[in-house]
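Hydrogens, waters and symmetry mates play no part in the numbers below; they use all other heavy atoms, side chains included.
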Amino acid sequence: MLTERIDYLRAGPVEIAFWVCGTFEIVDGRITLWHDHFSWENFLRGTAVGLWRAVRR
C-alpha cells in the first residue's frame with residue numbers, strides 16, 4: 001500500500017513542512033513492513049520556509 005502525506009517538525013517557533021511517501025505491507029490485518037521516502041531538497045526548502053516565517057513573526 002502507498003500513502004502520501006505532509007509531515008511537520010516543530011522546534012520552538014520553527015515549523016518545517018515536507019512531503020513524505022510511505023509504503024507498507026499488511027499481513028493478516030497487521031502492518032508488517034513500513035518504509036518512508038522523502039526528498040532532501042523538499043525538506044531543505046521546508047526548513048528555509050519555516051525559518052523565514054519564524055523570523056518574520
- Query: Which value, rounded to the nearest 0.5 Å, describes the distance between T23 atom OG1 and M1 atom CE?
  - Reply: 11.5 Å
- Query: What heavy-atom pair brings C21 and L2 nearest, and what distance separates the two atoms?
  - Reply: SG-CD1, 3.0 Å
- Item | Plane angle bin for F18 and F43 - parallel if under 30°, tilted between 30 and 60°, otherwise perpendicular | perpendicular
- Heavy atoms of I6 and W19 approach each other most closely as CD1-CA, 4.0 Å
- Item | hydrophobic_cluster_shared for Y8 and V20, side chain cutoff 4.5 Å | no
- Message: Quick check: closest heavy atoms across I16 and G46, and the distance to 0.1 Å?
- Response: CG2-C, 3.7 Å
- Task: State, yes or no, whether a side-chain contact exists between E15 and V49 at a heavy-atom distance under 4.5 Å.
- Result: no
- Message: Main chain of P13, side chain of R57: is a donor-acceptor contact present, judged purely on distance under 3.5 Å?
- Response: yes
- Item | Criterion side chain to side chain contact (heavy atoms under 4.5 Å, CB included) on R5 and D7, from CA distance to verdict | CA-CA 6 Å; R5 65 187 188 274; D7 280 3; 2.9 Å; yes
- Message: Could you tell me if W34 and D36 have a donor-acceptor pair between their side chains, going purely by distance under 3.5 Å?
- Response: yes
